[in-house]
**Q** 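Structure in structure tokens, see below.
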Protein chains: 2
Amino acid sequence: MPSAKYDQIYDRLREKIENSEYKYQELLPSEHMLVDQFACSRNTVRRAIGKLADEGYVQSIHGKGVRIIYQPYEQAEFMLSGIESLKEAVARNKKEYTTKVICFVELTVDDKISRRTTFPVGTEIYYLQRVRYIEGEALIIDHNYFRRDIVRGLTAQIAEKSVYEYLEDVLGENIVTTKRKMTVERVTEIDSKYLKLKEYNCLAVVSSMTYNGDGIMFEYTQSRHRPDCFVFYDQAQRVK
Amino acid sequence: MPSAKYDQIYDRLREKIENSEYKYQELLPSEHMLVDQFACSRNTVRRAIGKLADEGYVQSIHGKGVRIIYQPYEQAEFMLSGIESLKEAVARNKKEYTTKVICFVELTVDDKISRRTTFPVGTEIYYLQRVRYIEGEALIIDHNYFRRDIVRGLTAQIAEKSVYEYLEDVLGENIVTTKRKMTVERVTEIDSKYLKLKEYNCLAVVSSMTYNGDGIMFEYTQSRHRPDCFVFYDQAQRVK
DNA sequence: GTGTTAAAGTTGTATAAACAAGTGATGCAG
DNA sequence: CTGCATCACTTGTTTATACAACTTTAACAC
């Protein structure tokens, strides 16, 4: 799977930045030099640099150069930025985790669910409640709403492993876009029944809508996290 | 201030999407048609579409078209996505707000502050604590750390209006990149002294680092929000 | 009807070229 | 020394072209 050239250049530059071969606050080699180095056109180099800028590694300065603004995190917690499933996020941080399905039903979207999820009334869905354990502790409750016609054949067994793996490997669907909303909400009865909450009376709540490769929203999920194990990273460019 | 052509095309298309001239789930006109319509090259159109995709308005589907995935929010709260100051965010939602500076000192960064802010030890900074009132209610406490050599001449008077306005209009600095981290933390004594907290024992905390046009980080801020008036939106593309 | 092929239309990647615009250093006139 | 013009180098924008890869439809052979 040889990926696009600009992606290879992006990867190569990102590695060098993460390994501090290119250091914080320094300038990247100029576009002209990178063109020579990678034997490609200027557009291709610029595309790689654009991606680095999008992800907060560098910042271009007109007439001057491209400054490296990446600083390694001292990540005590695992990162949740970008689109990655909980399983991926945990694996990357080498933690052990399990999932328990505490509710699995098939529903038709009514008015109330429609307002929450934006699925049209009448859509056939799976509704799941899942508890996520990390290193044996119950930290997260997920409320998942999946479109049945896209996530067809979903079972509780699959949902205890990874729905996304099933989608991509078995059904050949691929996830492209996710929109998320972060809030903080009061603990509910379900929360305190299943999560070890310590003395917190609030939870970090991430509501997300996920779209497949055809631009169809097939998932609405509300993820309720115990506050002390929740971090959310974000990076933004000013549009000017 | 005639902006770039791709930006004009982006604006034009965004308006049409927001006004539902192009509707949710429909396909945009093909790139070829947009080239004719806007009398420009395909690259320029593609750049505008790329920006729309970045912001969650559309999603490209190879060989097929560009699908519109924008749905208007029923925004009860104001949005905090992208980079905008609290003042801009509130103005856009037509709410009245004020700021009170409860602490304004000049400091030199020591080891402890350096670990928190990533400013090097010895950096000269302003440290501020500010309470933000929206519609008369104290909702947010900001802890600001500004580099004195960049935000030169800052006063409490300015900080009660808008530091960013001062930076951009008076000092000619412009803000380009912001990195943020979202967490939920227990209420501190300072929090409960200044904020009307109801029965929450947690706060939504946004820690941010902001870079100026030269790629120099000049601000570290921790913003502590009362949970019931906090929302954070995000949009991500899967990298594949 | 079924399955295959072909064609047309779409987005994705890459190259090349030209000019605009900002930065910094150099050298020169005063 | 000061101020100004110039020049080399940088990133930013736009156009044009070619080909690759994917989707859908239509035509065709069987």
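Letters go in sequence order (proteins before strands), and every chain restarts at 1.
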**Q** Can you find a side chain N or O atom of T44(B) that sits less than 4.0 Å from OP1 or OP2 on dT15(D)?
**A** yes

**Q** Taking 4.0 Å as the cut-off, does a side-chain nitrogen or oxygen of K64(A) come that near to OP1 or OP2 on dG24(C)?
**A** yes

**Q** Just the rounded figure in Å: distance from P of dT13(C) to NZ of K5(A).
**A** 13 Å

**Q** Using only side-chain N and O atoms of Y6(A), determine if any of them is under 4.0 Å from OP1 or OP2 of dT13(C).
**A** yes

**Q** With no hydrogens and no angle check, just 3.5 Å: does a side-chain donor-acceptor pair link H143(B) and Y127(B)?
**A** yes

**Q** Calculate the interatomic distance between D7(A) atom CG and dA20(D) atom C1'; express it in whole Å.
**A** 16 Å

**Q** Going by heavy atoms in the side chains, are P120(B) and V109(B) under 4.5 Å from each other?
**A** no

**Q** To the nearest Å, give me how far apart CE (M33(A)) and P (dC9(D)) are.
**A**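 In whole Å, dC9(D) P and M33(A) CE are 12 Å from each other.
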
**Q** Can you check the R46(A) CZ to dT10(D) C1' distance for me, whole Å?
**A** 11 Å

**Q** Among Y211(A), Y145(A), Y164(A), find the one that has a side-chain hydrogen bond (donor to acceptor under 3.5 Å, both in side chains) with E219(A).
**A** Y164(A)

**Q** So, OP1 or OP2 of dT14(D): does either fall under 4.0 Å of a side-chain N or O from R47(B)?
**A**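 No, R47(B) has no side-chain N/O under 4.0 Å of OP1/OP2 on dT14(D).
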
**Q** Under 6.0 Å between the ring centres of Y70(B) and Y57(B)?
**A** yes

**Q** Within the pair S30(B) and dG9(C), is there a side-chain N or O less than 4.0 Å away from OP1 or OP2?
**A**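 Checking S30(B) against dG9(C): no side-chain N or O falls below 4.0 Å of OP1 or OP2.
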
**Q** In terms of the nearest nucleotide of DNA chain C, which residue is placed more toward the 5' end: I61(A) or I61(B)?
**A**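 Looking at the nearest nucleotide for each, I61(B) comes out on the 5' side.
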
**Q** Using atom CD of Q59(A) as one end and atom P of dT11(D) as the other, report the distance to the nearest whole Å.
**A** 14 Å

**Q** What's the verdict on side chain to side chain contact (heavy atoms under 4.5 Å, CB included) for M182(B) and F230(B), showing C-alpha distance, side-chain angles and the deciding distance?
**A** CA-CA 11 Å; M182(B) 265 268 337; F230(B) 176 80; 3.1 Å; yes

**Q** Given atom CD1 of I49(A) and atom C1' of dA14(C), what is their separation to the nearest angstrom?
**A**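 Checked: the CD1 to C1' distance equals 16 Å.
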
**Q** Select from D214(B) and G65(B) the residue whose nearest nucleotide in DNA chain C is closer to the 5' end of that strand.
**A**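 Upstream on the strand: G65(B).
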
**Q** Calculate the interatomic distance between H62(A) atom NE2 and dG12(D) atom P; express it in whole Å.
**A** 6 Å

**Q** With distance as the sole criterion, do the side chain of N43(B) and the base of dT14(D) form a donor-acceptor contact below 3.5 Å?
**A** no

**Q** Output the rounded distance in Å from CD (E31(A)) to P (dG22(C)).
**A**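 So the CD-P distance, E31(A) to dG22(C), works out to 16 Å.
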
**Q** Please determine whether any donor N or O and acceptor N or O are separated by less than 3.5 Å between the side chain of R42(B) and the base of dG12(C).
**A**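 Check passes, donor-acceptor contact within cut-off.
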
